[in-house]
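Every number for a ligand or one of its atoms is a count from 1 in the order of the listing.
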Amino acid sequence: MSEVNVSREISRLIRYGLQKGLLTPMDEAYAVNRLLAVLGETAFEKQEMEETLENPAEPLTRLCDHAANRGLLSPDTQDARDQLDTELMNCLMPRPSEVAEKFYALYREDKKAATEYYYGLSKASNYIRTDRVARDKQWTAPTPYGDLVITINLSKPEKDPKAIAAAKNAPQTGYPKCALCRENEGFQGSPNQAARGNHRLIPLTLCGEPWFLQYSPYVYYNEHCIVLSAEHRPMKVSRASFEHLLDFVTVLPHYFIGSNADLPIVGGSILSHDHFQGGNYEFPMAKAPLRESLSFPGFPGVEAGIVNWPMSVIRLRGEKKEELVELADRILQAWRGYSDESAEILAFTGETPHNTITPIARRRGEAFELDLVLRNNRTTEEHPLGLFHPHGEYHHIKKENIGLIEVMGLAILPPRLLSEMELLREALSVPKKAEEIFQRPEMEKHLTWYRELKAAGVNAENAEKAIKDSIGEIFGKILGNAGVYKDTEEGRAAFRRFCGSV
Ligand SMILES: [Zn+2]
């Protein structure tokens with residue numbers, strides 16, 4: 001690797017930090033010296049330049065190259081580079097209390113300005129690596145339930161074997177307890193845990209309890225935030241969840257918020273730490289209208305109905321939070337114990353519970369809205385990964401859990417799919433190549449899909465769009481698999497039976 005001019009790259013970083021408002025000219029000498037300390041350097045000469053960087057990736061990469069040349073990264077893995085460049089960015093940043101003070105100073109005047117500031121800071125600090133997020137592919141696809149959004153996530157770097165080995169050999173310290181704990185703020189990182197030197201949290205009070213707001217470093221949608229309890233305690237969907245969710249949309253009315261379900265298979269990937277996900281984004285499910293209305297006696301102030309959606313969603317809307325919480329809790333209690341063998345819904349196997357809810361809250365003007373998505377995590381011989389989970393015939397597209405984000409109509413699909421889509425497109429465009437393409441091990445699973453598209457007349461002209469639309473259609477069917485009540489006459493009747501039983 002070529003020689004790196006350290007003074008120049010540090011000057012670029014400082015200029016970037018000043019332009020993004022991470023620091024002020026008064027902080028400059030301090031920040032330069034902190035950067036030198038992290039790099040183990042002692043000499044600096046300021047370089048003047050005229051440039052405006054979108055993100056700090058370039059100077060950071062050059063400084064990581066320099067550290068690698070000097071043998072400071074061993075082994076030289078992406079994790080080691082992420083750890084170093086995160087420490088470098090931290091040298092440009094305000095302390096947590098300064099960030100929180102600024103957030104609340106803005107909040108008192110304008111709630112949106114507060115979240116805009118904090119989101120901007122999370123990107124400028126490289127906590128959200130915008131250069132990586134920009135690699136994600138996203139498109140919308142029409143379905144009978146409205147346009148669904150499909151994302152192929154390319155921003156989470158795949159671990160290289162050296163990093164996996166380092167993680168395996170690293171001591172398990174149990175600190176921080178998990179990836180969501182607030183103790184990650186400023187954490188240097190380890191082979192098992194992400195570098196969070198540039199991470200800052202905003203303290204929140206929900207229902208009188210301490211919580212924190214942060215953004216997801218992978219931002220699957222605009223202002224994708226995570227709201228976590230100060231205490232490391234397991235996820236639990238309960239009356240308190242409804243209270244917390246509705247309190248959150250009181251604190252930040254321009255954000256929606258939802259919780260993953262609290263059981264494996266139908267929950268998110270982290271069940272060990274109580275948390276929600278929200279943001280400034282309107283999901284396809286939020287746009288879906290009611291397909292029938294419901295009435296719950298004793299709740300005259302609550303409008304209720306079943307949402308026109310492939311999963312089973314009860315929507316409640318009202319002005320009074322207490323009334324919504326009361327009814328939502330009643331529905332949750334009823335669902336936890338509800339079985340209907342004719343619809344294959346069993347609440348328990350022995351002592352093991354299967355029924356839970358994925359709840360989502362948002363504002364509609366002054367009113368509060370709660371979507372309650374009924375979930376069941378039972379497995380059967382025919383569907384060993386889950387009866388209400390993507391079925392085997394769709395595993396070539398997705399076999400992972402349908403969590404909160406996907407429930408609402410945004411698919412997060414694995415990176416492998418991108419190259420497989422390209423091969424599929426090639427096979428449909430140049431039929432004589434098809435045989436060879438489907439001999440590749442990763443393409444075998446797509447053969448039936450290929451035949452269906454081919455039979456539908458897909459060719460070189462329309463292959464790319466047809467494949468994207470087809471993925472959207474399959475995602476819609478996967479959501480139907482995850483729905484406890486199917487969108488059929490019998491399914492709708494069974495859904496009404498449950499609502500009546502509440
Ligand atoms: Zn935790």
(request) Check whether the ring centres of Tyr215 and Tyr127 lie less than 6.0 Å apart, and answer yes or no. (result) no
(message) Parallel, tilted or perpendicular: which one describes the rings of Tyr221 and His224, with boundaries at 30° and 60°?
(response) parallel
(message) Counting the benzene-type ring for Trp, do Trp211 and Phe248 have ring centres under 6.0 Å apart?
(response) no
(message) Only N/O/S atoms count here: what is the atom of His232 closest to the Zn ion (ligand 1) called?
(response) ND1
(message) Less than 6.0 angstrom from the centroid, inside 45 degrees of the normal: does Arg317 satisfy that with respect to the ring of Phe368?
(response) no
(request) Have a look at the Zn ion (ligand 1) and estimate, to 10 degrees, the angle subtended by SG (Cys181) and SG (Cys178). (result) 120°
(request) Would you mind naming the N, O or S atom of His273 nearest to the Zn ion (ligand 1)? (result) ND1
